[in-house]
Amino acid sequence: MTFAKKRLLSLLLGCGLALPTLAADLAVEVEIPRLNVAEYHRPYVAVWVERADNSIAAHLAVLYDAKMKNGEGTKWLKDLRQWWRRGGRDLAMPVDGITGATPTVGKQKLRFAQGKAPLGDLPPGDYKLGIEAAREVGGRELLYIPFQWPPKQAQQATAQGQSELGHITLDLKP
Amino acid sequence: MKLLRPLTIAALLAAALVPAAQAHNAWLLPSSTVLSKAQWITVDAAVANDLFFFNHNALNLDNLSVTAPDGSKVAPENLAKGKLRSVFDLNLTQAGTYRVAVVNAGIMASFKLKGEPKRWRGSAEAFAREIPAEAEELNVNEMAGRNETFVTVGKPSALAPIGKGLELVPVTHPNDLVNGEAATFQMLLDGKPAAGLEVTVTKGATRYRNQLGEMKQKTGADGKFSVTFPEAGMYWLDAELKDSKTSVKAAKERRVTYAATLEVLPQ
């Protein structure tokens with residue numbers, strides 16, 4: 001995509017117009033299950049794109065207690081263990097456009113476009129979408145959904161969590 | 001012949017090595033090894049065969065040395081020695097890897113003075129000064145031991161080799177260990193690859209199983225070995241050798257030991 005097109009795209013998106021897709025698009029729906037526990041804290045969640053060599057191609061979302069004073073909330077980022085060791089520990093938190101508040105119970109829709117932060121220009125190849133959740137006085141769960149980029153046609157892939165995560169949907173559009 | 005040479009060297013070195021003597025295990029047990037924020041940790045230190053249970057003696061921490069990622073020394077706080085374990089707190093303020101080590105080196109001598117048996121322990125410098133010239137049946141041994149663990153805040157940083165005694169040098173960073181993945185380390189003796197050295201890795205919580213399940217590996221000609229940790233948990237790694245590189249002439253033998261506590265996290 002040329003620079004001019006990119007500008008046009010962001011301009012149009014900025015105007016809130018429906019747009020014929022100019023660039024591939026990746027949407028993730030993360031379900032946070034309602035848990036019947038005495039002490040519930042909203043989970044920390046990381047969503048990222050992982051290369052075949054296990055390095056991180058793009059950090060898409062890190063949902064944690066970013067609002068706690070003195071960065072106290074970063075203390076538990078290491079509990080998102082896989083994300084932390086794959087590349088989370090290389091970031092200086094918080095990161096604009098990636099960090100957000102801990103999610104509430106229900107479905108969270110996250111949408112990313114090729115050429116735009118935080119997905120950026122993802123080179124063609126085989127990837128995995130990583131979704132990891134860790135909860136204070138709770139457990140941890142990690143799911144992966146493999147995908148090819150860019151998608152040749154509209155595709156949907158799903159994963160089902162068992163404890164800390166519910167149904168995960170990955171929608172790819174060329 | 002080209003292929004044979006390193007093997008021959010390894011075999012010769014291996015022949016010089018002695019299996020680990022039966023002695024109580026000494027270990028450090030950090031409260032955390034992987035941190036995402038600068039914070040306090042606490043470390044227990046004990047001498048006990050069971051990993052990692054305090055049921056024998058506290059570890060002497062006179063020679064405790066804590067090195068920050070930037071190479072500066074960190075003073076332990078709230079250091080206390082109990083009956084069964086020692087404990088200290090560390091304020092980890094820098095990003096990177098801290099080395100927490102107890103390094104013991106010294107001379108042990110036994111002799112007779114006017115027919116009376118005596119035992120002496122001290123530094124190489126003190127040895128010449130303190131052993132009386134009329135000592136008889138003088139038996140001198142040297143020991144050099146390093147017992148350590150590693151803790152990382154944020155991104156793991158490089159660990160500069162010490163170059164003295166037996167030590168573990170990361171190929172895989174010691175704070176980047178997960179179950180089911182092979183980790184590679186290199187053992188150095190006085191800064192050079194320790195070939196043909198037997199390294200034992202034992203998982204903690206030994207009280208709750210009937211078999212120790214030690215994993216034994218021999219280092220290659222380059223001093224390297226690999227280990228795949230079957231489960232997450234705290235592990236104790238140890239190795240030992242004897243050689244004749246003593247720092248005092250009277251010592252026949254040098255016993256060199258290394259131990260490290262490594263935490264393996266679940267995938």
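Lettering of chains follows the sequences in order, A, B, ..., and the numbering in each one begins at 1.
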**Q** Spell out the residues in residues 73-84 of chain A that have some non-hydrogen atom less than 4.5 Å away from a non-hydrogen atom of chain B, in order of number; otherwise answer 'none'.
**A**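 From residues 73-84 of chain A, the residues near chain B are A:Thr74, A:Lys75, A:Trp76, A:Leu77, A:Lys78, A:Arg81, A:Gln82, A:Trp84.
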
**Q** Taking side chain as C-beta onward, heavy atoms only, is B:Pro156 less than 4.5 Å from A:Arg89?
**A**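 A side-chain contact exists here, since the closest heavy-atom pair is under 4.5 Å.
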
**Q** Sub-4.5 Å heavy-atom contacts with chain B: which residues of residues 38-57 of chain A show up?
**A**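 So no residue qualifies.
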
**Q** Surrounding NZ of B:Lys73 (heavy atoms of other residues, nucleotides or ligands, distance under 6.0 Å), is the total greater than 12?
**A**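 Yes.
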
**Q** Tell me the closest heavy-atom pair linking B:Val178 and A:Arg85, and the distance in Å.
**A**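 Smallest heavy-atom distance, with atoms named: CG2-NH1, 3.5 Å.
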
**Q** Heavy-atom count around B:Lys164 NZ within 6.0 Å, excluding the residue itself: above 12?
**A**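 No - once you tally the heavy atoms of other residues, nucleotides and ligands closer than 6.0 Å, there are 12 at most.
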
**Q** Does NZ in B:Lys37 sit with more than 12 non-hydrogen atoms of other residues, nucleotides or ligands closer than 6.0 Å?
**A**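 Enclosed.
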
**Q** With chain B as the partner, which of A:Leu91, A:Asp90, A:Leu142 has the greatest number of non-hydrogen pairs under 4.5 Å?
**A**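 Going by pairs under 4.5 Å, I would pick A:Asp90.
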
**Q** Return yes when atom CG of B:Asp62 has more than 12 non-hydrogen atoms of other residues, nucleotides or ligands closer than 6.0 Å, and no otherwise.
**A**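 Yes, the 6.0 Å shell around CG holds more than 12 heavy atoms from other groups.
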
**Q** Looking at B:Ser32, B:Pro266, B:Ala38, which one has more heavy-atom pairs under 4.5 Å with chain A than the rest?
**A**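 Top option by heavy-atom pairs under 4.5 Å: B:Pro266.
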
